[in-house]
Undergrad: 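What follows is a single structure, and I will ask about it in a moment.
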Amino acid sequence: MLIKNGWVLTTRLEKKDVAVDGTTITEVGTSLSGSDVIDASNHLVLPGLVNTHTHLAMTLLRGYADDVPLTEWLRDYIWPREMNLTPEDCYYGNLLGSVEMIKSGTTCFHDMYFYPDQAVKAVKESGMRAVISYPLAEFGNPERAGHMLQAGLQFMDTLRTESRIDTSFGPHSPSTCSPEYLLKVQDHAQKLSKLVHIHLHESKDWVENFSKAHEKPPIEFLESSGFLKNNVCAAHVVHATDKELDILKTHGVKVLHCPSSNLKLANGIAPVASMIKKGICVALGTDGAASNNTLDLFAEMRLMTLLQKLNDPSAMTSRAAVKIATENGGTALKWKIGRIEEGFLADIILIDLRNPCMTPRHDVLSNVVYAANSSAVDTVIIDGEVIMENRVLKTLHEEDIVEKAREHAYDLVNR
Ligand code: NI
């Protein structure tokens, strides 16, 4: 495949050709020749966006419960519905989420939810790239949690030869998993070279309660227990002191920042600019569509950048925001994605520069962060395969999926 004559973001924006052989970018240059040519002369060629924290099947609960705090949201709305989830609900929730993500330029995601086999099924059909976490929670029942961990290991084993799918451990949070259980999970993760995907420092109440119960704030506690390592992907980290950020940096913990969800559940604003300054790898996520309520990373990039500018307009540049949504996502999830560069996997999106939101072009990256919406995403390539062309999905039947997902969503809340 040859993506011809597009504006390519390398060290700067320039007109380039991008050659792809199989799944990989083999050359970025000028006057390249090849077959399967895609004319990108009116397009910006960007790495696909990476959604590093979501619960994709929760797309079925989009708009189901707004305007309540986290604890009430979970206890009164989300958990009761989740008790009645079926694998088929999750399958259609995953497909609906996949349609939305592909159409808004996301090529890779990191999921944590019930029936992870259904996420795998959807990913195989959609052609997306994903890291699927096996969800783990103890809830004071170590025996059951032990069985879950064994099931998780089996799940990972069955997927070890998949090329576009990786797996990770998904212990829900330090409030639903004991320190001993977390260490056991981390031990397996180290042996298998897998990520550990966990919610951390999401609400202020939670941090305070944990600190009271364990006589140390969670990040300090997890450090002293030996849990924090560079394979830990911590979603949220809204409330963290300077000292706690230093601890995360020391251990190479990746932060999965979900600004919309944090605001919507009144959890606050994560100090992303400080994290970046300290050299922490921050990547972007939407969280589930029940607490966002979209899976659109353009919206998330814009919100993230604006929130960091509360007191300092120079706190985050457009270029830094794009890096967080692409390259840092690749770093956090340990895929060689997020750059248009020789040797990187060919997860690429073409943005139509003729779209009104991309016009004029005083600063194209500024347009991407502050003005673009998903309608500007014209073509999506994942692992060297065209998944969407002229905004038409090639792997999924959008109309059928929307219809089936709507049926399952109504059924789920009325069951
Ligand atoms: Ni979450």
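Start at 1 and go down the list; that is how both ligands and their atoms are numbered.
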Undergrad: Parallel, tilted or perpendicular: which describes the rings of F210 and F221, with under 30° parallel and over 60° perpendicular?
TA: perpendicular
Undergrad: Under the salt bridge (Lys or Arg N to Asp or Glu O under 4.0 Å) definition, can you give me all pairs with a residue in residues 134-161, not counting sequence neighbours?
TA: D157-R160
Undergrad: Which atom names give the shortest non-hydrogen contact between W206 and S175, and what distance separates them?
TA: NE1-CB, 2.8 Å
Undergrad: Excluding waters, how many protein N/O/S atoms sit closer than 2.8 Å to the Ni ion (ligand 1)?
TA: 4
Undergrad: List the atom pairs, with distances to 0.1 Å, where a side-chain N or O of residues 70-83 and a protein N or O form a donor-acceptor pair under 3.5 Å, not counting sequence neighbours.
TA:
residue: W73; atom: NE1; partner: A65; partner atom: O; Å: 3.2
residue: R81; atom: NH1; partner: Y64; partner atom: OH; Å: 2.8
residue: E82; atom: OE2; partner: Y113; partner atom: OH; Å: 2.6

Undergrad: Parallel, tilted or perpendicular: which describes the rings of H197 and H53, with under 30° parallel and over 60° perpendicular?
TA: perpendicular
Undergrad: Any salt bridge (Lys or Arg N to Asp or Glu O under 4.0 Å) pairs touching residues 328-352, not counting sequence neighbours?
TA: R129-D347, E327-R339, R339-E341, D352-R354
